[in-house]
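A note on names: the letters A, B, ... follow the listed sequences, proteins ahead of strands, and every chain is numbered from 1. Remember, it's a predicted structure, so these values are computed and weren't measured experimentally.
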Amino acid sequence: MKLNLQINGQPQVVEAALGERLMDVLRRLGYLGVKSGGCKKGECGACIVLMDGKPVNSCMFLAVQAVGHALTTIEGLGSAANQGWKQTEGLSPLQRAFIENGSIQCGYCTSAMILAAKALLERNPDPSEEEVRTALSGILCRCTAYVKPVEAVLQAAAEMRSAKQPGTGGHLPETPKLIPVDDLPSTQVVGKSAIKVDAAKLAQGKAAFTADFVQLGTLVARVLRSPVAHARIVAINTEKAKALPGVAAVLTWKDLPRVAYSTAGQSDPIPGPLDSFSLDNKVRFIGDRVAFVAAESAEIAEEALNLIEVEYEELPAVLDARDAIRPGAPVIHDEEDYVNFADSDPSVNLAAKIRIDIGNVEKGFAEADRIFEREYVTSKVQQAHIEPHVAFSYWDPDDRLVIVTSTQVPFHVRRMVAPLVKLPVKRIRVIKPRIGGGFGNKQEVLIEDVVAHLTIATGKPVVYEMSREEEFIASRSRHPMRVKMRTGVKLDGTITANEMIILSDTGAYGSHALTVTGNTGQKSMALYVGDGEYRKAPNIRFYADIVYTNRPPSGAYRGYGVPQGYWPVDRHMETIARELGLDPLAFRLKNALRAGEFQPFSTSWNEGREPRPEVVHTVGLEECVREGRAAIGWDEKFGNPAWHEVPGKPHLRRGIGAALVMQGTAIPYLDMGGASLKLNDDGSFNLLVGATDLGTGSDTILAQMAAEVLGVKEDDIIVYSSDTDFTPFDKGAYASSTTYISGTAVIKAAQQVAEKIKTRASAMFAESGKPVPVEQIVLAEGKVHGPAGQSFSLAEIALNSLHHTDQEQIMAVASHVSPSSPPPFAAQFATVLVDLQTGQVTVEDLVMAVDAGVIINPRTASGQIEGGMAQALGYGVCEEMVYDERGRAREKDLVDYHIFRADEMPRMQTIFIETYEKSHPFGAKAVAEIPMNGVAPAVGNAVLDACGADILDNPITPEKAWRARKIKV
Amino acid sequence: MNTEDTRYIRPKNLQELEALLKQKYGRCRILAGGAFSPARVEADEILIDLQDAGLNQVVLENDTIRIGAAASLQQILEGLHAIAEIREPLEIEAGLNVRESLSLLNYLRTAETRSPFLTALLALTPEVELIPSGRKLALEAFLGQENTDSREIPIYVNFQYPKGFAWESIARAPKDRPIICVTVGRNKSGRLRVACGGNEAFPRIIETEARAEGLFTSVRKAYEHSADAWASEEYRQEMSQILLSRCLRKLGLIAEYQEEK
Ligand code: FES
Ligand code: FES
């Protein structure tokens, strides 16, 4: 049927099916700012448009219902000001504010936020913060904690009220508090809050994400998933599905080569068992793959799934990690072609095993005055990135398979998919457009083989986007763990021995089983080495069994095992301090790792490889505690009964808590990043990196570092990331490594290019009769300068090298592997309000003081801390994935799985305590993962402080707090 | 309205709508604003869109609040601003844009037992008005109907303007779905109606006239066998007493019922 729609003030006659959703029609028409969060039922808000000025979810309407209404999409707001000879009004104040203040991380929610804000400001030009939060309340953002988007709306409102001229900008909000290192060499670009290189396109809703590049006519894939937790597929009949008009292919395990692999996107060799198959004749969890379908439309593909007849022989299921290791437990991986790694033993459901003893642990316990022993439990939580997993593939004219995918690890995808589809690596090209959030879940090869198999089967382009339900039941999540802590302590608070014994549930497959759990110990147990003699020779034990169960697989999630470590470690430290009557902060600092000491685990463990002892050179922990305690008002609140009480509300009680944490920076001696850099005619540069910016701002930071070396502005660096055909190898975005590893590769490439520029400049100075030796030439302000004031612009250098004399392309390629992994440190503080009658906990304040080395871009770095704290807050109080006795998930959508909304956030503050990490050219360490570690234990400690509820398993739900509270009214 | 497809109809008023419903079409589907899952449209279906039928209003008529089936949740929030305590369950139910999108009719079609707004609404003794039958039935009876005739549609939800209304809930986070919520509506004659929700069973309703025992006991009993994946029965029963007390306190009625407690 033809519909007369009015879109962005323009009437349009649109062809649409009667039952077609408004969202699908708008995207088909090219309004790509309308995003799908995979839910298509009003949960995420990514698909917002304005209908008659009101924000509505376009997935909730049929297109025909929009006839007669004025629709506004993000494309109806401003566009970039510089359009060559064409004059435009430029970006709207809202778009500019979002760009300037760092509101855009992955950018997947940005169009929706800007539109919702526009609707608000048209109604109410002078909104309060609360009104802004209400306006944004139906748009879930997993990256920003809403801090900067709310600021951006207020900033734009102020600018619009004062009717400033476009381009003059409102006031830029203050960047976070930053305590700089003394005597740092001055920098022009590094250390500044540069605007993100890709912010403008995201604020305009332009094609950026994988789904934005899918061509019309691409077949749509769907995956049939297991309804039972453990079963053999006895028979599978696809005839009816294949006969359905519009179905192009139906694939089962019988159709595909059987290749054992691991879905974990890691460097070769994969440090884990090969226990997965693209399709298998056995299913191991509810949601496991059974068959793939490609059809002309999503509706046909879904109908085809219903026509596949599967006969399951149900097997007993193991749904609790404790049952998995009991003698006689059902064996989940009984396939003969399972490939072991290290200590994995599928006959006893063991995916991995770790045994680490540092020092003499038993001696340490024997020397302790008190031994504290408790068991803690951490929950299974989901990454919940708003852009779902999405990939499409096609044959290019040279018969090479092109896979376009929202992945954190494009090079690993290419290497890992090749054997599954029986193609050599050289016949596969992987392109990674912008990623709409990943948080580790896209460090997994979960969908690329699906589209590749279907393209091979049909010869046609195929797209697959996971639904939100599939994200919950069939992607990856954080490994839940049972953690036994045993700590020996002298009465003066000296830790003499510390032991952690873990039972970790990897679910049905062992991706990241060994390395996530290894990290749990390595990054949390390393923090407390003891004091005095014990500091010189710490006694630490870390044992872990990582077992298979018939629950959905666990995997990589921001923090990579470390949040599971700090819940028990820091809750334990709090208990010990209180039991011994010690100041909790002083007790922690007394035993914490200090600069110049070995990272204790580096002497004993290296993910199954040879250990390489490593000294930690920068530890800003004391300063973090000092600044954090001042910011939260610790000294006025802790131990002050008057502060804990709420006047007139005897049923409410306040509490304050802290946690100290560390993380790592990249995987030493293993993970490599590469960069290539070339000079263009106008003095700009193309920077090609394999690193993947999943919203962290890493493309911007890499540009800043290159710009600093080359003496140009960051917008003279055109960053492209990533395409396995064009960009150098990079292991991808994980392990907090991009700034440190990929960044150093960029700096090395830039240094080589700078040398070539100086060499040419020297020749050009000589030619002009004013010779200057190379070593006296300085790059600054887009020019090369000699000591006597002589200079050439980089454009002159470029023209000379490309067109005039001894022509050459000035360029360089460099790569970097680090011999060290310098840990960032942080002090996390929280205040809570506990309802003593109901156990309801409201988190009021979160303050995090972080030592992440020199901060390359304070605004993007603070965005990382804020967003990380928000995710960690969910882990602390409301996020968990629960399964019933048959293995069915309770959480299958973003309603039951609650992630924090804009209108319920606590106050947040970030403080950076800079240290200069000498192993990085600009002194940087990692920042993206550490905010995941401290919030849950700090909140747990604050709840204990408020009401005596000592809760050992997270999240802290009202019922748990109610049961555990010691103060009753 | 300008589409070529004769299977899509927007009646201009209630009379047109009624006439359409009485016609002998094949299957018909009622559209009313946004829905969580705009259902697939079958080839032989007629789509009747209520957006022009005058049903997207919240009005007060002679002490009766009439909410049109096509009114959005946000219109309801704004229209009921005088009943301050209804704001919170609506805000918990959904963020602003979903409230702008979702109509009352579609909300009722998909409302889950744990829905906070459903519990809130039930305390107001709502009645559903249907056409073309002209039937009126209690909301709980309407939602409990096994088979609904697609030709009989609700056009209004009506209730008396309450003398008092109080809402209390407990959740893991301020805007999370409650684990338990208790709502008390008080009508003009002073009768109380308590809706007990937040678990996987349909909210229980207790009316002060009908109860054979004390209100607190009745509310506690409403949470018998309420254990589910979100909370235990014991917790819910204990909390029901706290939340009821708080609601009664807000309504200035705690002293009246204190003794029972
Ligand atoms: S796609 Fe519309 S709300 Fe998620
Ligand atoms: S920036 Fe909001 S979801 Fe990523």
How about Lys175(B) and Phe900(A): do any of their side-chain heavy atoms sit closer than 4.5 Å?
->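 Counting from C-beta outward, Lys175(B) and Phe900(A) never come under 4.5 Å.
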
Top contributor to chain B interface from Thr842(A), Ile899(A), Leu18(A) [non-hydrogen pairs under 4.5 Å] =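 Highest number of heavy-atom pairs under 4.5 Å: Leu18(A).
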
Hey, are Arg246(B) and Gln837(A) close enough side-chain-wise for a donor-acceptor pair under 3.5 Å?
->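 Arg246(B) and Gln837(A) do have a side-chain donor-acceptor pair below 3.5 Å.
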
Considering all heavy atoms, the nearest Tyr235(B)-Pro958(A) contact =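 The answer is OH-CB, 3.3 Å.
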
Pick from Asp884(A), Val56(A), Asn57(A) with the largest number of heavy-atom pairs that fall under 4.5 Å of chain B |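 Option with the top pair count is Asn57(A).
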
Is a donor on one side and an acceptor on the other found under 3.5 Å between the side chain of Arg10(B) and the backbone of Gln65(A)?
->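 Checking the backbone N and O of Gln65(A) against the side chain of Arg10(B), a donor-acceptor pair under 3.5 Å is found.
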
What residues of residues 99-109 of chain B sit under 4.5 Å from chain A when only non-hydrogen atoms are counted?
->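 Residues of residues 99-109 of chain B touching chain A at under 4.5 Å: Arg99(B), Glu100(B), Ser101(B), Leu102(B).
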
Please state whether the side chain, the backbone, both or neither of Ile139(A) comes within less than 4.5 Å of a heavy atom of chain B.
-> both

Of the backbone (N, CA, C, O) and the side chain (C-beta and beyond), which part of Asp903(A) lies under 4.5 Å from a heavy atom of chain B, both, or neither?
-> both

Quick one: CG on Leu136(A) to CG on Leu96(B), what's the gap to the nearest 0.5 Å?
->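 These two atoms lie 9.0 Å from each other.
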
Region of Glu238(B) in contact with chain A, defined by heavy-atom distances below 4.5 Å =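 The answer is the side chain of Glu238(B).
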
Shortest non-hydrogen pair, Trp230(B) vs Asp896(A), comes out as CH2-O, 3.6 Å

Contact class of Ile92(B) relative to chain A, heavy atoms under 4.5 angstrom = backbone

Please look at Glu891(A) and chain B and tell me whether the side chain, the backbone, both or neither of the residue comes under 4.5 angstrom of a heavy atom of that chain.
->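 Contact with chain B is through the side chain of Glu891(A) alone.
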
Which bit of Val877(A) is near chain B, if near means a heavy-atom gap under 4.5 Å: side chain, backbone, both or neither?
-> both

Report the residues that fulfil side chain to side chain donor-acceptor pair (under 3.5 Å) with Gln57(B), sequence neighbours left out, ordered by chain and then residue number.
-> none

Check step by step if side-chain contact (heavy atoms from CB on, under 4.5 Å) holds for Met60(A) and Val98(B).
-> CA-CA 9 Å; Met60(A) 293 175 70; Val98(B) 176; 4.2 Å; yes

Contacting region of Ile170(B) [heavy-atom separation from chain A under 4.5 Å] | both

Would you check if there is a donor-acceptor pair between the side chains of Glu91(B) and Ser137(A) at a distance under 3.5 Å?
->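 Absent: no donor and acceptor within the cut-off.
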
Using a cut-off of 6.0 Å, state whether more than 12 heavy atoms not belonging to Lys960(A) lie near its atom NZ.
-> yes

Evaluate the criterion side-chain contact (heavy atoms from CB on, under 4.5 Å) for residue pair His69(A) and Gln51(B); output intermediate values, then yes/no.
-> CA-CA 11 Å; His69(A) 299 280; Gln51(B) 65 173 281; 2.5 Å; yes

Roughly how far, to the nearest 0.5 Å, is CG of Leu836(A) from CD1 of Ile242(B)?
-> 10.5 Å

Which pair of non-hydrogen atoms, one from Glu959(A) and one from Ser232(B), has the smallest distance, and what is that distance?
->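 Shortest heavy-atom contact: OE2-OG, 2.6 Å.
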
Quick one: are Leu47(B) and Leu62(A) in side-chain contact, heavy atoms under 4.5 Å?
-> yes

How many angstroms lie between atom CD1 of Ile180(B) and atom OG1 of Thr838(A), to the nearest 0.5 angstrom?
->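 If we round to the nearest 0.5 Å, Ile180(B):CD1 and Thr838(A):OG1 are 10.0 Å apart.
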
Sub-4.5 Å side-chain heavy-atom contact between Gln840(A) and Arg172(B) = no

Turns out that what part of Glu43(A) lies under 4.5 Å from chain B's heavy atoms comes down to neither

Please flag which part of Ser169(B) lies under 4.5 Å from any non-hydrogen atom of chain A: side chain, backbone, both or neither.
-> backbone

Quick one: of Ala231(B), Ala94(B), Gly34(B), who has the most non-hydrogen atom pairs under 4.5 Å with chain A?
-> Gly34(B)

Can you find a heavy atom in the side chain of Cys59(A) that is under 4.5 Å from one in the side chain of Phe36(B)?
->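 SC-SC contact between Cys59(A) and Phe36(B) ruled out.
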
Arg177(B) vs Cys878(A) side-chain heavy atoms within contact, under 4.5 Å |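 In short, these two side chains do not touch, never coming nearer than 4.5 Å.
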
Would the number of heavy atoms belonging to other residues, nucleotides or ligands and lying under 6.0 Å from NZ of Lys221(B) be above 12?
-> no

Between Asp49(B) and chain A, which part of the residue has a heavy atom less than 4.5 Å away: side chain, backbone, both or neither?
->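 Contact with chain A involves the side chain of Asp49(B) alone.
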
Can you establish whether the number of heavy atoms outside Arg963(A) located under 6.0 Å from its atom CZ is more than 12?
->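 Yes, because the 6.0 Å sphere around CZ of Arg963(A) holds more than 12 heavy atoms from other groups.
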
With rounding to the nearest 0.5 Å, note down the distance linking CD1 in Ile48(A) to CG in Asn97(B).
->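 The CD1 atom of Ile48(A) sits 3.5 Å away from the CG atom of Asn97(B).
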
Contact part of Arg236(B) toward chain A, heavy-atom cut-off under 4.5 Å: side chain, backbone, both or neither?
->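 No part of Arg236(B) comes within 4.5 Å of chain A.
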
Decide, yes or no, whether a salt bridge links Arg890(A) with Glu200(B) under the criterion of side-chain N to carboxylate O below 4.0 Å.
->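 No, this pair does not count.
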
Specify which of Met51(A), His651(A), Glu904(A) makes the most heavy-atom pairs with chain B at under 4.5 Å.
->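 Max contact count across the listed options: Glu904(A).
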
Select, from Val882(A), Leu22(A), Val843(A), Val895(A), the one with the greatest count of heavy-atom pairs under 4.5 Å involving chain B.
->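 Answer, by heavy-atom pair count under 4.5 Å with chain B: Val895(A).
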
